[in-house]
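Sequence positions, counted from 1, serve as the residue numbers for this chain.
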Amino acid sequence: MAPGRLTVITGPSGVGKGTLVARLLAKHPSIWLSVSATTRAPRQGELPGQSYFFLNREQFELQVAEAGFLEWAEFAGNLYGTPRNAVEEQLAAGRPVLLEIELEGARQVRRSFPAGFQVFVRPPSFAELERRIRSRGTDSEEAIGRRLQRAQVELAAAEEFDAILVNDDLDQALAALEAQMGLIS
Ligand code: 5GP
């Protein structure tokens with residue numbers, strides 16, 4: 001079977017990547033979404049092995065030392081990484097693979113998978129992004145501050161990506177993503 005295509009979705013925390021990806025997967029069940037590892041504490045409702053593999057720093061660093069991650073990065077004080085084996089297996093089986101990761105990880109994947117397709121999701125405005133992060137109601141004020149600071153760096157890098165989409169209206173953003181990924185014509 002021909003190797004599957006790798007797509008990366010990046011964009012500032014709170015932009016709605018998770019919702020967009022969930023909608024995409026519901027419509028296109030053949031797409032395989034990588035489950036990342038993180039040292040962040042689970043949020044309410046997050047399930048181990050489904051939302052993330054929740055690891056402590058020691059466990060995470062062991063996997064880094066064993067080259068177990070395709071990419072990894074520190075984000076707002078926590079470590080996040082894409083487990084390598086599962087992604088490689090899915091691609092080898094010819095499945096389309098999706099990674100939802102932050103900027104540094106996307107840059108690493110760009111180097112190791114130059115043929116991959118990378119999409120950047122923007123908010124309609126910075127004020128709207130801040131509103132969305134706050135309305136999630138799960139992060140401390142300090143964590144919100146770190147995420148907003150990081151969002152400015154990520155937004156400045158949007159032009160590095162193969163495609164940019166604005167997540168204002170969810171249905172429209174989904175249609176744009178499907179078109180960019182070649183899922184609809
Ligand atoms: P959150 O803590 O809100 O779930 O995620 C914070 C950021 O980490 C988001 O931008 C998310 O896309 C990113 N992220 C999630 N998993 C990974 C990963 O495996 N690698 C990298 N580099 N970033 C990730």
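- Interatomic distance, CD of Glu104 versus CZ of Phe75, reported as 11.0 Å (0.5 Å rounding).
- Glu74 has a carboxylate O that lies under 4.0 Å from a charged side-chain N of Arg57, or vice versa, which qualifies the two as a salt bridge.
- When hydrophobic side chains of Ile, Leu, Val, Met, Phe, Trp and Tyr are connected at separations under 4.5 Å, Leu62 ends up as a singleton with no cluster partners.
- One distance of note links NE2 of His28 with CG of Leu98; it measures 11.0 Å at 0.5 Å rounding.
- A salt bridge does not link Arg95 with Glu89: every distance from a Lys NZ or Arg NE/NH1/NH2 to an Asp or Glu carboxylate oxygen is 4.0 Å or more.
- Checking side-chain atoms of Thr10 against main-chain N and O of Leu103 turns up no donor-acceptor pair under 3.5 Å.
- With Glu130 contributing its side chain and Ala127 its backbone, the two residues share no donor-acceptor pair below 3.5 Å.
- Cation-pi geometry between Arg110 and Phe161 is met: under 6.0 angstrom from the ring centre, within 45 degrees of the axis.
- Remark: side-chain polar atoms of Asp162 are paired, donor with acceptor, to backbone N or O of Gln118 under 3.5 angstrom.
- Put simply, CG on Leu24 and OG1 on Thr7 are 8.5 Å apart, with the number rounded to the nearest 0.5 Å.
- Listed by chain and number, the residues in a side-chain hydrogen bond (donor to acceptor under 3.5 Å, both in side chains) with Glu154 amount to none (sequence neighbours excluded).
- Atom NZ of Lys27 sits about 5.5 Å away from atom CG of Leu174, to the nearest 0.5 Å.
- The CG atom of Leu165 lies 11.0 Å from the CZ atom of Arg122; values are rounded to the nearest 0.5 Å.
- In summary, of the residues considered (Leu91, Leu25, Val97), a side chain to side chain contact (heavy atoms under 4.5 Å, CB included) with Trp32 occurs for Val97 alone.
- Of the possible donor and acceptor atoms, one in the side chain of Asn167 sits under 3.5 Å from a partner among the backbone N and O of Val15.
- Under 4.0 Å is where a charged nitrogen must lie from a carboxylate oxygen, and between Arg134 and Asp139 no such pair does.
- With a 4.5 Å cut-off between side-chain heavy atoms of Ile, Leu, Val, Met, Phe, Trp and Tyr, the cluster of Phe60 takes in Leu55, Val64, Phe69, Trp72, Leu79.
- From Gln180, atom CD reaches atom CZ of Phe117 across 5.5 Å, with rounding to the nearest 0.5 Å.
- Using a 3.5 Å distance cut-off with no hydrogens or angles, the side chains of Arg146 and Ser140 do not pair a donor with an acceptor.
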